[in-house]
Q: 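One structure follows; several queries about it will come next.
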Amino acid sequence: MIDLKYLQKNYDEATALLIKKGVSSDTLEQLHQLFIALKEANAQFEEAKANQNEMSKLFGVYKKEGKDTTDLKAKVDANKELLVALQEKARQADEALQNRALVIPNFPDAKVPDGVDENDNVEIKRVLTPKTFDFKPKEHWELSELNGWIDFERGVKLVKSRFSVLKGEAARLERALIGFFLDHNRTKGFEEVSIPFINNRAMLQGTGQLPKFEEDLFKIEGEELFLIPTSEVPLTNLHHDEIVSPSQLPLLYTAYSPCFRKEAGSAGRDTRGMIRQHQFSKVEMVALTHPDQSDAIFEMMVANASELLTLLELPHRIVELCGGDLGFSAARTIDIEVWLPGQNQYREISSISNVRDFQARRAKIRFKDGDKNSFVHTLNGSALAVGRTIIAIMENFQNQEGGIAIPKVLEKYMA
RNA sequence: GGACAGUUGGGUGAGUUGGCUGAAACCACAUCCCUGCUAAGGAUGCGUACUCGUAAGGGUACCGAGGGUUCGAAUCCCUCACUGUCCGCCA
């Protein structure tokens with residue numbers, strides 16, 4: 001949730017930022033008016049209620065003193081009628097504002113590059129040079145067929161399209177990567193946690209998936225529960241509705257989880273192979289920080305994800321997302337894209353975002369800031385997406401015969 | 001899934017014959033005083049959010065959630081959620 005008071009006070013500046021993210025100025029004007037309407041309605045209701053409270057108090061005094069309460073009762077009853085109407089008006093104003101405000105995306109940072117889609121993203125640097133093959137490198141599904149690693153057909157049989165089964169060496173590789181990622185993240189100060197893969201509605205709203213993106217989530221029938229689309233949801237919400245001590249900050253967490261996404265709107269994209277699945281494994285980093293340290297932690301998280309790829313000897317590049325490509329909750333996002341020689345292109349393998357106070361405001365995650373309470377900054381990033389790492393290893397470590405080598409750092413995990 | 005009990009501020013925990021309780025007390029925490037250090041002791045402060053005000057200081061809401069009764073509810077009634085205990089089932 002954006003800071004509505006900030007929007008009121010710095011309307012032009014705030015509007016310019018949100019337009020960068022694709023919000024229309026009409027929407028913002030509407031929001032502005034709803035906010036004013038709510039304040040008015042609340043003020044009116046509170047005044048009437050204060051009257052009512054005072055008279056009720058008097059009523060008690062009269063009773064005690066044995067005085068006649070007939071006149072007072074008449075006054076109170078008359079006021080109550082007004083009160084009920086004002087209360088309803090205030091309730092509606094609040095509901096209208098909430099409905100609007102919850103679907104407004106976060107402000108992008110001022111330094112976020114302008115642009116409408118991924119074509120306007122800015123490459124920051126490349127790490128490791130892709131090796132040249134003296135044969136035409138295969139795509140991962142071709143390699144899978146040769147090695148029997150991924151069983152797409154049986155994934156479809158068990159569930160439906162966009163599900164698959166990893167077998168043998170590939171299954172062990174997935175487990176090895178999860179262990180490697182978690183162990184490495186731990187050395188950077190992230191505490192390893194094991195979290196529920198189902199969360200309730202309030203948590204999904206806290207991190208911004210709801211109410212706007214319900215069609216992207218798998219919902220448990222008959223319950224207000226959802227399969228998590230990323231462990232960012234439970235990790236960030238560990239401190240939902242809490243006020244933490246500043247000495248605890250930054251809180252750094254890492255967890256493995258499967259991620260479940262409906263991929264609504266992605267029909268036809270990446271239908272071949274394991275790039276885009278309804279269920280995939282991911283190791284996530286989440287940070288809750290003091291606002292002053294979120295930029296530094298952000299850099300650390302980007303560096304960490306890049307380091308993982310470097311240790312795996314996987315060439316990658318670091319890309320800053322433009323305003324139009326930024327996700328709903330993010331103020332700033334850096335994607336890390338790994339080189340896939342079979343596809344002959346870089347593909348996203350990690351996405352690291354500084355969310356500032358947007359989620360903290362929704363999830364009520366605060367810290368004692370002197371004599372007041374302030375919202376923490378939340379950050380999240382993949383380190384790394386496991387399924388896509390497997391693909392990257394397959395394509396980068398293939399030989400002419402279609403064999404696949406295993407990166408050296410994983411040897412002890414595959415032993 | 002069945003039966004009973006409970007859900008109050010950072011914690012423990014009073015308050016359930018409706019008004020003087022946004023909430024005792026204790027602990028924790030903060031500042032100060034005292035003590036050569038430590039330990040012990042004393043004073044004061046200490047829920048959250050919104051709102052009016054330059055400020056001092058007011059107002060409103062919140063005692064699991066929602067609804068009801070009432071001039072007035074933490075206190076009475078209803079629904080739901082959660083927790084505990086016993087039973088059933090089970091990795």
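Chain letters run A, B, ... following the sequence lines, proteins first and then strands; every chain starts at 1. Everything numeric in this text was worked out from a predicted model, so none of it was measured. Just so you know, these numbers use all the heavy atoms, side chains as well, and skip hydrogens, waters and symmetry mates.
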Q: Whole angstroms only, please: what is the CD-C1' distance between A:Q52 and B:A61?
A: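 About 15 Å, once rounded to whole Å.
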
Q: Using whole Å, what does the distance between atom P of nucleotide B:G59 and atom CD of A:E46 come to?
A: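 Value for this atom pair: 12 Å.
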
Q: Output the single nucleotide from B:U51, B:C71, B:A49 whose closest atom is nearest the side chain of A:K5.
A: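 Shortest atom-to-atom distance from the side chain points to B:U51.
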
Q: What is the distance from CD of A:E242 to C1' of B:G9, rounded to the nearest Å?
A: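 Distance, rounded to whole Å: 15 Å.
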
Q: Are A:R91 and A:Q87 close enough that a side-chain donor and a side-chain acceptor fall under 3.5 Å?
A: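 The criterion, which ignores hydrogens and geometry beyond distance, is not satisfied for A:Q87 and A:R91.
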
Q: B:A65 C1' sits how many Å from A:D241 CG, rounded?
A: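 The answer, rounded to whole Å, is 13 Å.
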
Q: If you measure from the P atom in B:C27 to the same atom in B:G41, how many Å do you get, rounded?
A: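 Looking at atom P only, B:C27 and B:G41 are 9 Å apart.
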
Q: Of all heavy-atom pairs between A:I352 and A:F298, which one has the smallest distance, and what is that distance?
A: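 So the minimum-distance heavy-atom pair works out to O-CE1, 3.4 Å.
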
Q: Which of parallel (below 30°), tilted (30 to 60°) and perpendicular (above 60°) describes A:H32 and A:Y11?
A: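 The rings of A:H32 and A:Y11 sit tilted, inter-plane angle from 30° to 60°.
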
Q: Looking across every strand, which nucleic acid part, if any, lies under 4.0 Å from A:I243 by heavy atom: base, sugar-phosphate, or nothing?
A: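 Counting heavy atoms under 4.0 Å across all strands, the contact made by A:I243 is with sugar-phosphate only.
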
Q: Just name whichever nucleotide pairs with B:U17, Watson-Crick or G-U, keeping both distances under 3.5 Å, else none.
A: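 Here B:U17 is not engaged in any pair, so there is no nucleotide opposite it.
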
Q: When you compare B:G15 with B:G36, how far apart are their C1' atoms, in angstrom units rounded to a whole number?
A: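 Comparing C1' positions in B:G15 and B:G36 gives a spacing of 47 Å.
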
Q: Between atom CG in A:D94 and atom P in B:A61, what is the gap in whole Å?
A: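 So the CG-P distance, A:D94 to B:A61, works out to 15 Å.
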
Q: Please state whether the rings of A:F213 and A:F328 are parallel, tilted or perpendicular, taking 30° and 60° as the class boundaries.
A: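 Judged by the thresholds at 30° and 60°, the geometry between A:F213 and A:F328 is perpendicular.
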
Q: P atom, B:U16 versus B:G11: distance in rounded Å?
A: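 To the nearest whole Å, 23 Å.
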
Q: Check every atom of B:U51, B:A49, B:G19 against the side chain of A:F59 and return the nucleotide holding the closest atom.
A: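 Per side-chain heavy atoms of A:F59, the pick is B:G19.
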
Q: Whole angstroms only, please: what is the NE2-P distance between A:H239 and B:G10?
A: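 Spelled out: NE2 on A:H239 to P on B:G10 is 16 Å.
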
Q: Roughly how far apart, to the nearest Å, are B:G9 and B:U48 at atom C1'?
A: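 To the nearest whole Å, 9 Å.
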
Q: Which nucleotide sits closest to the side chain of A:K80: B:G72, B:U60, B:G19?
A: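 So the side chain of A:K80 is nearest to B:G72.
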
Q: Any base atoms under 4.0 Å from A:A50, or only sugar-phosphate, or nothing? Heavy atoms, all strands.
A: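 Touches sugar-phosphate only.
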
Q: Tell me the partner of B:A73, counting only Watson-Crick (N1-N3 plus N6-O4 or O6-N4) or G-U wobble (N1-O2 and O6-N3) with both under 3.5 Å; none if nothing fits.
A: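 When the pairing criteria are applied, nothing turns out to pair with B:A73, so the answer is none.
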
Q: Between atom CG in A:L38 and atom P in B:A61, what is the gap in whole Å?
A: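 Atom CG in A:L38 sits about 16 Å away from atom P in B:A61.
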
Q: Using the C1' atom as the point on both nucleotides, what is the distance between B:C4 and B:U17, in whole Å?
A: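 The answer is 26 Å between these two C1' atoms.
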
Q: Please give, in whole Å, the distance from B:U60 P to A:N51 CG?
A: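 Answer to the nearest Å: 10 Å.
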
Q: Distance between the P atoms of B:G10 and B:U60, in whole angstroms?
A: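 After rounding to an integer number of Å, I get 22 Å for this pair.
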
Q: Let me spell it out: for each of A:N53 and A:K63, pick the nucleotide of RNA chain B with the closest heavy atom. Which residue's pick is nearer the 5' end?
A: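 The residue closer to the strand's 5' end, by nearest nucleotide, is A:K63.
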
Q: Which value, in whole Å, describes the distance between the C1' atoms of nucleotides B:G68 and B:G18?
A: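 After rounding to an integer number of Å, I get 15 Å for this pair.
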
Q: Find which nucleotide of RNA chain B each of A:R91 and A:M55 is nearest to by heavy atoms, and output the residue with the more 5' nucleotide.
A: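 Result: A:R91.
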
Q: Both distances below 3.5 Å, Watson-Crick or wobble geometry, any strand: find the nucleotide opposite B:U12.
A: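 Looking at the geometry, B:U12 pairs with B:A25.
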
Q: Can you tell me which nucleotide in B:U51, B:U60, B:U48 comes closest to the side chain of A:F45?
A: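 So the side chain of A:F45 is nearest to B:U60.
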
Q: Evaluate A:S257 against A:E284 for side-chain hydrogen bond (donor to acceptor under 3.5 Å, both in side chains), listing each step before the verdict.
A: CA-CA 8 Å; A:S257 85; A:E284 183 80 359; over 6 Å; no

Q: Tell me which nucleotide, if any, is Watson-Crick or G-U wobble paired with B:G64 when both distances must be under 3.5 Å.
A: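 Matched B:G64 with B:C80 under the 3.5 Å cut-off.
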
Q: Could you let me know what B:C50 is paired to, Watson-Crick or G-U wobble, both distances under 3.5 Å, or none if it's on its own?
A: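 Pairing partner: B:G59.
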
Q: Under a 3.5 Å limit for both distances, which nucleotide forms a Watson-Crick or G-U wobble pair with B:A3, could you say?
A: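 For B:A3, the partner nucleotide comes out as B:U85, under the 3.5 Å rule.
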
Q: Counting just side-chain N and O atoms, does A:K368 come under 4.0 Å of either OP1 or OP2 of B:U48?
A: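 For A:K368, the contact criterion (side-chain N or O under 4.0 Å from OP1 or OP2 of B:U48) is met.
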
Q: Could you identify the nucleotide paired to B:A43, looking across every strand shown and requiring Watson-Crick or G-U wobble geometry with both distances under 3.5 Å?
A: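 The answer is B:U31, by the H-bond criterion.
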
Q: Would you please confirm or rule out a distance under 4.0 Å between OP1 or OP2 of B:C71 and any side-chain N or O of A:K73?
A: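 The answer is yes; a side-chain N or O of A:K73 sits under 4.0 Å from OP1 or OP2.
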
Q: Tell me the closest heavy-atom pair linking A:S161 and A:H278, and the distance in Å.
A: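 Looking at all heavy atoms of both residues, the shortest contact is O-CD2, 3.3 Å.
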
Q: Report the residue from A:R356, A:R332, A:K21, A:K20 that forms a salt bridge (charged side-chain N to carboxylate O under 4.0 Å, His left out) with A:D109.
A: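 Result: among A:R356, A:R332, A:K21, A:K20, A:R356 is the only option passing the salt bridge (charged side-chain N to carboxylate O under 4.0 Å, His left out) with A:D109.
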
Q: Distance check, C1' atoms only: B:U12 and B:A65, in whole angstrom units.
A: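 These two C1' atoms come out 24 Å apart once rounded.
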
